[in-house]
**Student:** 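The structure that follows is given in the form of structure tokens.
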Protein chains: 2
Amino acid sequence: MRVKISLTPKEGKYLTFMYRKQVEEDKSASTTILAKSFKVNPATATETLQRLAKKKLVEYTRYYGAKLTERGMVEAQRLLRKHRILEILFVKFLRYDTEKACEEASKIEYYCSEDLINTICRTYGHPDTCPCSKEIFQDSTCMGR
Amino acid sequence: MRVKISLTPKEGKYLTFMYRKQVEEDKSASTTILAKSFKVNPATATETLQRLAKKKLVEYTRYYGAKLTERGMVEAQRLLRKHRILEILFVKFLRYDTEKACEEASKIEYYCSEDLINTICRTYGHPDTCPCSKEIFQDSTCMGR
DNA sequence: GATAAATTTAGGTATTACTTAAAAATGTTT
DNA sequence: AAACATTTTTAAGTAATACCTAAATTTATC
């Protein structure tokens with residue numbers, strides 16, 4: 001890591017949302033869409049995009065839109081991995097349905113350590129998909145032991 | 001619930017810390033002790049106590065100290081319950097040692113829903129002590145089904 | 001080119017959580 | 001009890017996060 005990335009919870013939510021749109025749905029997330037999704041004023045969405053741009057997590061062109069950078073992708077995947085590993089735990093161990101599992105994961109994903117997530121991941125034999133069949137990204141420190 | 005209690009993460013930490021001192025160790029937590037424990041300036045501890053007093057969670061007398069109110073006790077127990085149920089999960093399911101379990105629980109306890117905690121609690125047959133043998137408080141909505 | 005829609009800028013607010021410096025209260029010592 | 005030390009509080013800040021409205025600007029559409 002060259003520069004340390006400090007991500008706020010909201011910024012994390014924006015990154016994963018944008019990742020889903022950009023990579024998994026091949027669309028782009030406009031200011032309006034972001035604002036609607038997060039139930040905030042468009043001005044707020046713009047502001048958050050600008051903060052993410054300052055942190056080099058998105059490439060932002062005013063009036064045009066924003067795209068995740070390589071670093072933004074990595075961060076989004078890191079968070080989505082946490083989210084999906086937690087979903088596995090909640091569905092398999094606590095017998096939650098996928099929707100409820102997703103909700104609970106959303107509440108805590110940001111605060112769970114890599115170590116905790118890796119331990120759950122190992123417990124379930126490094127699953128490669130979450131309960132709703134989306135990809136779970138590999139983590140070198142998790143696999144390598 | 002007469003008035004809704006909105007607790008910040010830090011306020012929660014103060015409440016549980018004070019609970020442990022006041023109820024489990026029968027001591028009291030002075031401004032200095034709080035400040036040292038949380039590695040902040042004493043002025044900050046005072047400020048937080050005053051905020052807790054405004055929310056009727058502690059009874060605060062300047063220069064004298066603060067004591068948890070009935071409501072403060074309930075909130076502290078609610079958080080300690082979450083903490084200890086999480087410890088159970090981490091020790092029993094993930095084979096964490098008690099210290100590590102405590103650390104991880106501290107990171108997420110505040111953000112876990114009652115429902116999630118109750119589900120874990122039921123899974124382990126409503127345990128009455130945590131891995132370090134401290135009391136786990138009962139929750140009516142958890143037992144009652 | 002006018003008008004509509006989307007986006008951004010400017011200039012706010014509120015909350016949380018922290019700081020330093022000085023004042024005030026309390027405790028201790030002689 | 002006066003002097004000194006310690007603890008605690010007040011006052012007056014700062015910084016970050018996350019939101020807002022209103023007006024300006026840019027882009028898209030008729």
Side-chain angles (χ1 to χ4, degrees), chain A residues 3-18 21-22 27-68 72 75-76 79 106-111, chain B residues 3-18 21-22 27-68 72 75-76 79 106-111:
Chain A
V3 189
K4 51 184 160 175
I5 302 162
S6 74
L7 215 54
T8 68
K10 235 352 167 0
E11 286 169 359
K13 293 293 183 195
Y14 273 65
L15 287 187
T16 52
F17 184 89
M18 290 175 74
K21 284 280 168 213
Q22 182 176 315
K27 293 175 195 167
S28 72
S30 67
T31 299
T32 310
I33 285 169
L34 285 165
K36 269 183 192 159
S37 303
F38 292 108
K39 297 192 176 67
V40 294
N41 193 289
T44 305
T46 300
E47 202 198 15
T48 306
L49 287 178
Q50 289 169 342
R51 261 198 295 140
L52 286 169
K54 216 191 297 179
K55 293 184 183 179
K56 309 263 186 219
L57 294 164
V58 306
E59 221 175 283
Y60 169 72
T61 321
R62 344 178 282 166
Y63 294 106
Y64 172 78
K67 257 182 67 178
L68 294 175
E75 285 303 305
L79 280 167
S106 296
K107 287 177 196 158
I108 63 173
E109 62 196 16
Y110 179 85
Y111 305 96
Chain B
V3 189
K4 51 183 160 179
I5 303 163
S6 73
L7 215 52
T8 68
K10 241 332 148 39
E11 286 169 357
K13 293 294 182 194
Y14 273 65
L15 286 187
T16 52
F17 184 89
M18 290 175 75
K21 285 278 168 215
Q22 182 176 315
K27 291 174 194 166
S28 72
S30 68
T31 299
T32 310
I33 286 171
L34 285 166
K36 270 184 190 156
S37 303
F38 293 108
K39 296 190 176 67
V40 294
N41 194 289
T44 306
T46 299
E47 203 198 14
T48 307
L49 287 179
Q50 289 170 342
R51 262 198 295 137
L52 287 170
K54 215 189 299 178
K55 294 184 184 180
K56 309 265 185 215
L57 293 163
V58 305
E59 220 175 286
Y60 170 72
T61 321
R62 357 178 269 167
Y63 294 106
Y64 173 78
K67 256 182 69 179
L68 294 175
E75 285 304 303
L79 280 167
S106 296
K107 287 176 197 158
I108 63 172
E109 62 197 18
Y110 179 84
Y111 305 97

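Just so we're on the same page: letters track the sequence lines, and every chain starts at 1.
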**Student:** Indicate yes or no: at least one non-hydrogen side-chain atom of B:Lys67 is less than 4.5 angstrom from one of B:Gln22.
**Tutor:** yes
**Student:** Tell me, which of residues 59-66 of chain A have any heavy atom that sits under 4.0 Å from an atom in DNA chain C?
**Tutor:** A:Tyr60, A:Arg62, A:Tyr63
**Student:** For A:Leu7 and D:dT17, give me the distance from atom CG to atom C1', rounded to whole Å.
**Tutor:** 13 Å
**Student:** Which residues pass the side chain to side chain contact (heavy atoms under 4.5 Å, CB included) test with B:Lys107, sequence neighbours left out?
**Tutor:** A:Ser113, B:Glu104
**Student:** To the nearest Å, how far apart are B:Lys13 NZ and C:dT16 C1'?
**Tutor:** 16 Å
**Student:** Could you list the donor-acceptor pairs under 3.5 angstrom formed by side chains in residues 33-46 of chain A, with sequence neighbours left out?
**Tutor:**
unit_1: A:Ser37; atom_1: OG; unit_2: A:Ile33; atom_2: O; d: 2.8
unit_1: A:Asn41; atom_1: OD1; unit_2: A:Ala43; atom_2: N; d: 3.0
unit_1: A:Thr46; atom_1: OG1; unit_2: A:Pro42; atom_2: O; d: 3.2

**Student:** Show which side-chain atoms of residues 52-64 of chain B pair as donor or acceptor with protein atoms under 3.5 Å away, not counting sequence neighbours.
**Tutor:**
unit_1: B:Lys55; atom_1: NZ; unit_2: B:Ser6; atom_2: O; d: 2.7
unit_1: B:Lys55; atom_1: NZ; unit_2: B:Glu11; atom_2: OE1; d: 2.8
unit_1: B:Lys55; atom_1: NZ; unit_2: B:Glu11; atom_2: OE2; d: 3.2

**Student:** A:Leu34 CG to D:dC19 C1': how many Å, rounded?
**Tutor:** 15 Å
**Student:** C:dC18 P sits how many Å from B:Glu11 CD, rounded?
**Tutor:** 11 Å
**Student:** Respond yes when some side-chain nitrogen or oxygen of B:Lys10 is under 4.0 Å from OP1 or OP2 of C:dC18, and no when none is.
**Tutor:** yes
**Student:** For B:Thr8 and C:dT15, is the shortest distance between a side-chain N/O and OP1 or OP2 below 4.0 Å?
**Tutor:** no
**Student:** Mind checking ring-ring contact (aromatic ring centres under 6.0 Å, His included) for B:Tyr111 and listing every partner two or more places apart, or none if nothing turns up?
**Tutor:** A:Tyr111
**Student:** Quick one, A:Ser106 and A:Lys13 - any side-chain contact, counting heavy atoms below 4.5 Å?
**Tutor:** yes
**Student:** Name all residues meeting the salt bridge (Lys or Arg N to Asp or Glu O under 4.0 Å) criterion together with A:Glu75; count only those two or more places apart in sequence or in a different chain, and write none if there are none.
**Tutor:** A:Arg78
**Student:** Are A:Lys10 and A:Glu47 close enough for a salt bridge, meaning some N to O gap below 4.0 Å?
**Tutor:** no
**Student:** Near DNA chain D, under 4.0 Å by heavy atom, which residues of residues 41-52 of chain B?
**Tutor:** B:Pro42, B:Ala43, B:Thr46, B:Gln50
**Student:** Closest nucleotide of DNA chain D for A:Phe38 versus for B:Ile33: which of these residues is on the 5' side?
**Tutor:** B:Ile33
